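As structure tokens, the structure follows; a few thoughts come after it.
Labels below follow one simple rule: chain letters A, B, ... track the order of the sequence lines, proteins then strands, and each chain is numbered from 1. These numbers come from the heavy atoms of this one structure, side chains and all, not from hydrogens, waters or symmetry mates. Model, not experiment: these values are computed from the prediction.
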Amino acid sequence: MRVVHPEFAPDASLSREEMETLQYDVAETATFRDEFDFDPESVRTGSSDDDQRELPTGKSDTGEKPIVVGVDQAFVGEKAVSAIVAARDGEVIERTHAVVETEIPYIPGLLSFREGTAILRAFEELSVEPDLAIVDGSGRIHYREAGIATHIGVMLDLPAIGVAKNLLCGKLREPIQGHLSEGERIPVLANERVSAPDGTVIGYALQSRQYDNPEKRHVNPLYVSPGHRVSAETTADLVWQLCAGYKLPEPTRRADAYADEVKETVGS
DNA sequence: GCGACAG
DNA sequence: ATCTTGTCGC
């Protein structure tokens, strides 16, 4: 697929100040409301039920099901490996990847300038037109509301969601005491460290999976946030639907595995 | 100066 | 993110 907004390219040679200014521009172009055509309820995983009956009409509606892509990165020395796995109705239909030399180190808040180019190059290799992207990292849960999921989503004008294992910034509306139960979600609000008005719901802590006996051992929640063209609430709904009994959503797990596969092919 | 800090 | 064996628990 093609880039729609090349002016937001995550150029690693920019100064820190220029990078931050670019992020404010990206956030201004982004929308954190539901702006997509597919039915959120139609998004599903592949490893779930196999009782997929034909429709009453007998007509196959697979062509109407949204294409969801998972995006993940791996590193080999100074090279960044970006992997994308596309699936429709839970079935993998295409996989692409790109290997790009990293130019800058990891800096909290500027992740897209380290990994963005590799991700975009992998997207350019994609021949199918995705309806939604699940990106590892934050979206709106970011100092300037422009995490990597937002940056990628805006450049491609593609509905995108950010899925992170740790909270970059913002504050939970209610503190987690001990642990959450599977399926629970707590709003993540903007605080003084976020450019959004204080109290704005910028994402959710989502307990995608939990052990039977959390008292002895528990799983940490996922921190999900809108990247582009998706609301915080729908973001949590979609990620929850994509988690087939695992902590990470299916698209992410597949991209993760593919990135490891490619990684073994590349030398440092 | 002291914390906070996606991947 | 990455370096890595065993090990705890369901």
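Using a 4.0 Å cut-off between charged nitrogen and carboxylate oxygen, A:R209 and A:E182 do not count as a salt-bridge pair. A salt bridge is absent between A:D131 and A:R229: the closest approach of a Lys/Arg side-chain nitrogen to an acidic carboxylate oxygen does not fall below 4.0 angstrom. A salt bridge does not link A:R121 to A:E125: none of the charged nitrogens lies less than 4.0 Å from a carboxylate oxygen. No salt bridge links A:R44 with A:E250; every basic N to acidic carboxylate O contact stays at or beyond 4.0 Å.
Hydrophobic clustering keeps A:L132 apart from A:V135 (ILVMFWY residues linked when any side-chain heavy atoms are closer than 4.5 Å, directly or through intermediates). Hydrophobic clustering (ILVMFWY, side-chain heavy atoms < 4.5 Å, transitive): A:I84 and A:I67 are in one cluster.
Side-chain atoms of A:S15 and A:E18 form a donor-acceptor pair, as typed in the model, at a separation below 3.5 Å. Looking only at atom types and distance, the side chain of A:H218 has no donor-acceptor partner in the side chain of A:Y211 under 3.5 Å away.
Taken together, the pairs of DNA chain C form no segment extending over three or more consecutive Watson-Crick or G-U pairs closer than 3.5 Å at both contacts.
Ring planes of A:F36 and A:F38: parallel class, angle under 30° (limits at 30 and 60°).
Put simply, CG on A:D256 is 7 Å from P on C:dA1, counting in whole angstrom units. When the C1' atom of C:dA1 is taken as reference, atom CD of A:Q73 falls 10 Å away, rounded to whole Å. Regarding A:L110, its CG atom lies at a distance of 16 Å from the C1' atom of C:dA1, rounded to whole Å. The CZ atom of A:F113 sits 21 Å away from the P atom of C:dA1 (whole-angstrom rounding).
Contact annotation for A:I148: base contact, defined as any heavy-atom pair under 4.0 Å involving a base atom. Note on A:F75: only backbone sugar-phosphate atoms sit closer than 4.0 angstrom, heavy atoms only; bases stay farther off. No engagement by A:G162 is indicated, since no non-hydrogen atom pair under 4.0 Å with the nucleic acid exists. Within 4.0 Å of A:A74, counting heavy atoms only, lie sugar-phosphate atoms of the nucleic acid but no base atom.
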*Heavy atoms under 4.0 Å is the rule here; annotate nucleotides 5-10 of chain C 5' to 3' with B where the base is hit, S where only the sugar-phosphate is, and - elsewhere.*
---B-S
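Here the closest heavy-atom approach between residue A:T45 and residue A:Q241 is recorded as CG2-O, 3.7 Å.
The side chain of A:K263 contributes an N or O atom lying less than 4.0 Å from OP1 or OP2 of C:dT2.
The outermost nucleotides of DNA chain B lying under 4.0 Å from heavy atoms of chain A, listed 5' to 3', are B:dA4 to B:dG7.
Evaluated for a side chain to side chain contact (heavy atoms under 4.5 Å, CB included) with A:V163, the options A:D136, A:V71, A:L242, A:L222 yield exactly one hit, A:L222.
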